[in-house]
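Just so it is clear: chains get the letters A, B, ... in the order the sequence lines come, proteins before strands, and each one is counted from 1.
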Protein chains: 2
Amino acid sequence: MAGPHHEGPLLKRAGERAPRPPSPEVSSLTLNRLSVYLRSLRQLQASGESTISSQELARRFHLSATQIRKDLAQFGEFGIRGVGYDVALLEARLRGVLSLDREHRLIVVGVGNLGQALVRFLAVAEEGFRVVAAVDKDPAKVGRRVGGVTIRPSKELRGVVRETTPEIGVLAVPPEAAQENYDALVAAGLRAVLNFASVNLRLAPGVPTKNVDLRIHLEELAFLVRAAGG
Amino acid sequence: MAGPHHEGPLLKRAGERAPRPPSPEVSSLTLNRLSVYLRSLRQLQASGESTISSQELARRFHLSATQIRKDLAQFGEFGIRGVGYDVALLEARLRGVLSLDREHRLIVVGVGNLGQALVRFLAVAEEGFRVVAAVDKDPAKVGRRVGGVTIRPSKELRGVVRETTPEIGVLAVPPEAAQENYDALVAAGLRAVLNFASVNLRLAPGVPTKNVDLRIHLEELAFLVRAAGG
DNA sequence: AGATGTGAATGAGTTCACAGCT
DNA sequence: AGCTGTGAACTCATTCACATCT
């Protein structure tokens, strides 16, 4: 899982002109590592490094050199043999692969504790993603502004989506409301969903969905603490 | 790896008297699915079901029957051939396996947007886990109460840990402060860490650590949206 | 010389298919 | 008869080892 359990189908196609035409499906694991590589490259860029080998990248960020090369190989040839990778170039390429060269618009559904924190967090920190709308069922919350957006009623979801054209829905409602809100997001035309509710959603085909479940992580740690002799 | 990148080592040992003495290491994937099964069983219990087969469990919650049986097999024999599983019994067993039969104490480090939401979320919603302390570097935040705990200064971490004896640390500080705070948690004797900062931590051996990285999930969805023809 | 990119080998995880119990 | 529990087959992921290029 990252989000561990059931997730949306993975589909093909890589970076636009990258020499990997009808490549096979890319795994979630690989994609998630690309994000990690990208983050690491940004850090290198910030500290002025211009070139790096897979080995050095691995050493500095606790990764595997072979795996870096294998992962990158799925999207093209980005390095120079005998030299390594140009930091700025690889960074740009990975951004292209992950389609971070354009902005992704988000709508947050459910503005409780978590939803509110997510709106603020995303509003501030997350370059490449922008919260364009938020809805909540509770009339008391409607009209309030959070992190630059005004909360609208859940019932108007469809209209809000038409007006603000988000492509990714962020579900932060209580578990019992998750499925209906998920279905509503799909019906409204959202292209992907990030789900924070602790439920096994019945997924719509063609709408990639990732689950983030705090409780699952805590329970894993609870097990590991005891397994380690706690 | 569900939490995608580097994570702590997995260790052995299952449910106390379960007939699986020195079982091999349990994978993160299996553990995370156990959490899902447990959640599903709770729901069945709530709706009054007393017995269920792996097949029916799979059908209702979009899981795999074989996988349920294989996962459970790592910890003992919990079912009755020809019949299925006793819902209440299996629920109790899984809680035992995951060591949810006792309370796990948490300390939250960093009480910004996310940290605050986490404290409140955990304070309210998460049975089996309890936030016993929160610390923050910012003197302006110190002394304020959030979700039942009073924020204390990060500098007093060691003392706070001695007083409140948490076993799991929840890291919700900015990326640049993550490593030092992680190290401080380890030094203070925490047994596990749930990290929300976007960094590749240099992990302490013997301290299981899970990363939850919002940005990684969003980037995966960004890729998938385009791959699906967006 | 030195690093990439990659086929082959290994390992991990899932699914199949059925023996064995109730 | 029906469902669990599990070895065997298979699929997916990682690592090895080296041919290839600069």
Just by distance, do the side chain of B:Thr209 and the backbone of B:Val207 share a donor-acceptor pair under 3.5 Å?
yes

Assign A:Ser54 to base, sugar-phosphate, or nothing according to its heavy-atom contacts below 4.0 angstrom with the strands shown.
sugar-phosphate

Out of D:dT14, C:dG20, D:dA19, which nucleotide sits closest to the side chain of A:Arg81?
D:dA19

Using heavy atoms to find the nearest nucleotide of DNA chain D for A:Gly82 and A:Thr66 separately, return the residue whose nucleotide is more 5′.
A:Thr66

Mark yes or no for whether B:Arg105, through its side chain, and B:Thr165, through its backbone, hold a donor-acceptor pair below 3.5 Å.
yes

Do any N or O atoms from the side chain of B:Gln179 and from the backbone of B:Arg202 form a donor-acceptor pair under 3.5 angstrom?
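A pair under 3.5 Å: yes.
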
Note: for A:Arg69 and B:Val83 on DNA chain C, the residue whose nearest nucleotide lies more 5' is A:Arg69

Quick one: which of C:dT4, D:dT14, D:dT4 gets closest to the side chain of B:Tyr85?
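Of all the options, the side chain of B:Tyr85 is nearest to D:dT4.
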
Shortest side-chain distance from A:Lys70, nucleotide among C:dA8, C:dT15, C:dG2
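The answer is C:dA8.
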
Taking atom C1' of C:dC21 as reference, at what distance in whole Å does atom CZ of B:Phe78 sit?
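The distance from CZ of B:Phe78 to C1' of C:dC21 comes to 18 Å, rounded to the nearest Å.
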
For B:Arg59 and B:Gln55, which I'm curious about, is there any donor-acceptor pair between the side chains at under 3.5 Å?
no

Given D:dC12, is OP1 or OP2 found less than 4.0 Å from the side-chain N or O atoms of A:Ser27?
no

Check the distance between C:dT15's P and B:Asp71's CG and give it to me in whole angstrom.
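From B:Asp71 CG to C:dT15 P: 10 Å.
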
Looking only at D:dT22, C:dG13, D:dT4, the nucleotide nearest the B:Leu29 side chain is C:dG13

Separation of D:dT4 P from B:Leu90 CG (nearest whole Å):
11 Å

Taking atom P of C:dA9 as reference, at what distance in whole Å does atom CD of A:Gln67 sit?
20 Å

May I have the distance from A:Leu57 (atom CG) to C:dA3 (atom C1'), rounded to whole angstrom?
13 Å

Does the pair A:Glu49/A:Arg60 count as a salt bridge with the N-to-O cut at 4.0 Å?
yes

Length of the line joining B:Glu77:CD and C:dG20:C1', which is rounded to integer Å:
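Rounded to whole Å, this separation is 11 Å.
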
Take the protein atom CG of A:Leu63 and the nucleotide atom P of D:dT14, then report the distance between them rounded to whole Å.
12 Å

Measure from CG on B:Asn32 to P on C:dT14 and round the result to the nearest Å.
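Rounded to whole Å, this separation is 11 Å.
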
Closest approach to the side chain of A:Ser64, judged atom by atom: which nucleotide of C:dT15, D:dT14, D:dT15 is it?
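Selected nucleotide: D:dT15.
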
